[in-house]
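What follows is one structure encoded as structure tokens, with my remarks underneath.
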Amino acid sequence: MGVIEGSVQRGAGVEKGPGASFYADANNGSNNNGGGSWSSAKATIAAALALMSEGDTLYLSGKFLEQVTITNTLGGISIVGADDRLPAHADSPWPSGASWLPPASPPADTALLTVRSQGVTVRNI
């Protein structure tokens, strides 16, 4: 089963969560977009997370270079690498075409994701 949005299918083996769906595309997104479809995807994970509520799902495409904190208001969300049209990053075992790597600054030993909530799921990245 893939992630289906209109006539555009991206991803493989990804199931939609119980809430709304949001999209971030590091290659083609813009933080001026609404984030509710691939054609209006946000450019960053942080911008997409700012729209989300408990139970929502965020689908990612591309190479993200950012650090994010998920607060306790976003329990039960899912973050899913969902674009199998792109090659996976060399360090990733997942064929999702989505990768999340450290930005140039701050130091690489700083966490990419800090979770201050329960029930957060990250898959295929």
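The figures here come from the full heavy-atom set of this structure, side chains too, leaving out hydrogens, waters and symmetry mates.
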Out of curiosity, [X] [atom1] to [Y] [atom2], how far, rounded to the nearest 0.5 Å?
| X | Y | atom1 | atom2 | value |
| --- | --- | --- | --- | --- |
| Phe22 | Asp56 | CZ | CG | 5.0 Å |
| Ser78 | Leu58 | OG | CG | 9.5 Å |
| Asn32 | Ser40 | CG | OG | 12.0 Å |
| Gln67 | Leu112 | CD | CG | 6.0 Å |
| Trp100 | Leu60 | CH2 | CG | 7.0 Å |
| Ile79 | Ile70 | CD1 | CD1 | 4.0 Å |

Under 3.5 Å: donor-acceptor pair, side chain of [X], backbone of [Y]:
| X | Y | answer |
| --- | --- | --- |
| Asn33 | Ala41 | yes |
| Glu66 | Ile45 | yes |
| Gln118 | Gly76 | no |
| Asp25 | Gly62 | no |

Can you check side-chain contact (heavy atoms from CB on, under 4.5 Å) on Ile77 and Thr121, steps first, answer last? CA-CA 6 Å; Ile77 67 165; Thr121 303; over 6 Å; no
Practice item. List the steps and the verdict of side-chain contact (heavy atoms from CB on, under 4.5 Å) for Leu51 and Lys42. Key: CA-CA 10 Å; Leu51 301 173; Lys42 293 289 190 180; 3.6 Å; yes
Heavy-atom closest pair (Phe64 atom, Ala43 atom, distance to 0.1 Å) is CE2-O, 3.5 Å
Here the pair of heavy atoms bringing Ala48 nearest to Tyr23 is CB-O, 4.5 Å
Check your understanding: Tell me, do Thr71 and Arg116 make a side-chain contact under 4.5 Å, heavy atoms counted?
Key -> no
side-chain hydrogen bond (donor to acceptor under 3.5 Å, both in side chains), that's the test. Do Ser61 and Asn27 meet it? Break it down for me.
CA-CA 8 Å; Ser61 174; Asn27 300 319; 5.0 Å; no
By side chain to side chain donor-acceptor pair (under 3.5 Å), Thr69 pairs with (sequence neighbours left out) none
**OP:** Start with the C-alpha distance between Thr114 and Val68, add both sets of side-chain angles, then the distance that settles side-chain contact (heavy atoms from CB on, under 4.5 Å), and finish with yes or no.
**Re:** CA-CA 6 Å; Thr114 302; Val68 175; over 6 Å; no
